[in-house]
Number of protein chains: 2
Amino acid sequence: MARKSLVDEVADELLDRIVAGEFPPGSGVPGELELSARHEVSRMTVREAMKTLVARRILRVERGRGTFVNPLNQWSSLEAVLRAASEGQEDAAVAVQLIELRRMLETGAAELAASRITAEELTEMDGQLAQMRAAHEENDVDRFVAADLAFHDLILHASGNVFVAVLFEPLTRILASRRAQTSKVVQIQINAIAEHANIMDAMRSHDTERARLAMDRHMEQTLNDLLAYVLEP
Amino acid sequence: MARKSLVDEVADELLDRIVAGEFPPGSGVPGELELSARHEVSRMTVREAMKTLVARRILRVERGRGTFVNPLNQWSSLEAVLRAASEGQEDAAVAVQLIELRRMLETGAAELAASRITAEELTEMDGQLAQMRAAHEENDVDRFVAADLAFHDLILHASGNVFVAVLFEPLTRILASRRAQTSKVVQIQINAIAEHANIMDAMRSHDTERARLAMDRHMEQTLNDLLAYVLEP
DNA sequence: GACATGCAAGATGTCTGACATCTTACATTC
DNA sequence: GAATGTAAGATGTCAGACATCTTGCATGTC
């Protein structure tokens, strides 16, 4: 695993400061020379870091004037947008809203996938469900989470809609850490396995409405589990 | 209007070549020295251009080995994905996928909005519907499109889920131009007005399932209109 | 022949020092 | 007050250099 480059260090720190509100939308950020001095790197390295933020439309450069933060609605990196939107909100509200969002995308994806999924994909989903069961028996949370995420990822790809996969991808990273936390609760694992089995049945039936309802039920269960075992005790 | 920078020229040309299929996902692209010679710019300029594509996860860099094109579903810029997905594929498939995506997000948002929408927001929606009617009478397509988009935007924000609204923003830019094209067809305008009125009624009733179904019907109508009036004649 | 080691070539990562161009504020002149 | 010029600040680009990683090939050893 390669060490993080200097360019990424500069870019990430600047984005952290933007998301934290140090440079609100419309305000200027420190110039190249200032950041060069701050990080003790060459100006070229700072320029490259800036370019990564400009490419995501988080920043805009005005030659001779400086570099400015764009309004959130212009950012084109979904991951950055989600980070910024989470900032300053209570973690409970964030968790609930993320499940609402998942519900929209994943019930829709399940509906599409039910009519488009291949036999190979169904076999793979079965494999991941078996992984979840085995991980549950061995109390291996990491393995459980990986299988859980893979199961959902298969449905997203089986939807055959590339935009769905792209839109969901930034969520995956956010969800992985949260999933690790919730999956430590044994009852949540048991519920997830049952819901996935239900979804499996629906997929095999190729009934789009049944698949949508099965995923919807899973999201409802997920929200209930979150409230019962994580947020409210 | 500032002249396009050299960095943008290099980056845009490379992206054009990727989208055109000259460098398919998984393949390597020309190295820094080669692009520097090709464009007669310094290697640093090429590096900055590359960084803009890396930041959008179109490219990944492997030090000592080269720079490679990522699979489409890893790209983080919806606009770039749309361009690549449109290439070599019929525009019909892309348009259908975009409506599928809208269907997921907007039926979900309508469901949430029905229970959360304020009287002020309902009044505003009414205003936009009236704008659509007036624009239809006056055959003012731009005004019609603006009111149409504003109506939908209100629902997204009334959902009270901050992630939905921000996640949908990049789509809005893509949809605006497509909406302008479809709204030139008078019958499509008539249908949209009827569907929006139906959604209005559902929102006023605060019945979440009714709202979801109303929006679903609108998306179905939108898909049918696209097929009947734009794609198939 | 199989394996280990070293070296060169190719590729990216970063730096220094320099000059070009644009923007803005201030001073000077009419 | 308006117009002009200048200096300072900020970004845009360049050339040349060295560092570090990867890979393939040649050579040596067992």
Side-chain angles (χ1 to χ4, degrees), chain A residues 1-15 17-18 22-71 74-76, chain B residues 1-15 17-18 22-71 74-76:
Chain A
M1 192 41 118
R3 198 173 145 276
K4 191 166 157 186
S5 72
L6 294 179
V7 171
D8 286 340
E9 284 187 19
V10 175
D12 290 350
E13 200 232 18
L14 184 54
L15 181 57
R17 291 165 80 186
I18 291 167
E22 190 172 341
F23 308 114
S27 65
V29 298
E32 296 169 358
L33 291 180
E34 190 174 333
L35 287 177
S36 172
R38 177 190 177 94
H39 288 270
E40 295 182 329
V41 297
S42 86
R43 198 182 134 216
M44 296 312 302
T45 302
V46 169
R47 287 184 60 79
E48 289 186 25
M50 291 286 208
K51 283 291 187 291
T52 71
L53 297 177
V54 169
R56 290 181 269 169
R57 300 172 68 178
I58 294 162
L59 296 180
R60 76 179 175 275
V61 176
E62 295 178 12
R63 179 170 174 176
R65 303 192 62 231
T67 303
F68 302 86
V69 181
N70 275 328
Q74 281 180 28
W75 295 15
S76 67
Chain B
M1 197 37 119
R3 201 174 143 272
K4 193 166 159 185
S5 71
L6 293 179
V7 171
D8 285 340
E9 284 188 17
V10 175
D12 289 351
E13 200 232 20
L14 184 54
L15 181 56
R17 291 165 78 185
I18 290 167
E22 190 172 340
F23 307 114
S27 66
V29 297
E32 295 169 357
L33 291 180
E34 190 176 334
L35 288 177
S36 174
R38 177 190 176 95
H39 289 271
E40 296 182 332
V41 297
S42 86
R43 198 182 133 214
M44 295 314 301
T45 301
V46 170
R47 287 185 58 81
E48 289 187 24
M50 293 287 211
K51 283 290 185 292
T52 70
L53 297 177
V54 168
R56 288 179 271 171
R57 301 180 64 187
I58 294 163
L59 297 180
R60 75 178 176 276
V61 177
E62 295 179 14
R63 179 172 173 173
R65 303 192 62 232
T67 302
F68 302 87
V69 180
N70 276 326
Q74 280 180 32
W75 294 15
S76 67

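Protein chains get the first letters and strands the later ones, always in sequence-line order, with residue 1 at the start of each. Because the structure is a prediction, the values reported are computed rather than measured.
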| task | Could you give me the CA-CA distance, side-chain angles and deciding distance for A:V29 and A:E22, then say whether side-chain contact (heavy atoms from CB on, under 4.5 Å) is met? | result | CA-CA 9 Å; A:V29 298; A:E22 190 172 341; over 6 Å; no
| said: Using a 4.0 Å cut-off on heavy atoms, which residues in residues 50-67 of chain A reach DNA chain C? List them by number, or say none. | reply: A:R63, A:G64, A:R65
| said: Taking the basic N atoms (NZ, or NE/NH1/NH2) and the acidic carboxylate oxygens, is any pair closer than 4.0 Å for A:E48 and B:K51? | reply: yes
| query | Rounded to the nearest 0.5 Å, how far does CG of A:L33 lie from CZ of A:R43? | reply | 6.0 Å
| note | CD (B:E13) and CG (B:L35) are apart, to the nearest 0.5 Å, by 8.0 Å
| remark: Nt span of DNA chain D in reach of chain B heavy atoms at under 4.0 Å, 5' end first, is D:dT13 to D:dT23
| query | Which distance, rounded to the nearest 0.5 Å, do you find between the CZ of A:R47 and the CD of A:E32? | reply | 4.5 Å
| Do any of residues 25-44 of chain A sit with a heavy atom less than 4.0 Å from DNA chain D, and if so which? | A:G31, A:E32, A:R43, A:M44
| query | Salt bridge or not for A:R38 and A:E34, using N-O below 4.0 Å? | reply | no
| said: For the residue pair B:N70 / B:R57, report whether a side-chain donor-acceptor contact shorter than 3.5 Å exists. | reply: no
| Rounded distance in Å - CZ (A:R47) to C1' (C:dT16) | 15 Å
| Could you walk me through whether A:T52 and B:T52 pass the side-chain contact (heavy atoms from CB on, under 4.5 Å) check? | CA-CA 5 Å; A:T52 71; B:T52 70; over 6 Å; no
| task | Tell me, with the steps shown, if B:W75 and B:R56 meet side-chain contact (heavy atoms from CB on, under 4.5 Å). | result | CA-CA 6 Å; B:W75 294 15; B:R56 288 179 271 171; over 6 Å; no
| Are the side chain of B:T67 and the backbone of B:V61 linked by a donor-acceptor contact shorter than 3.5 Å? | no
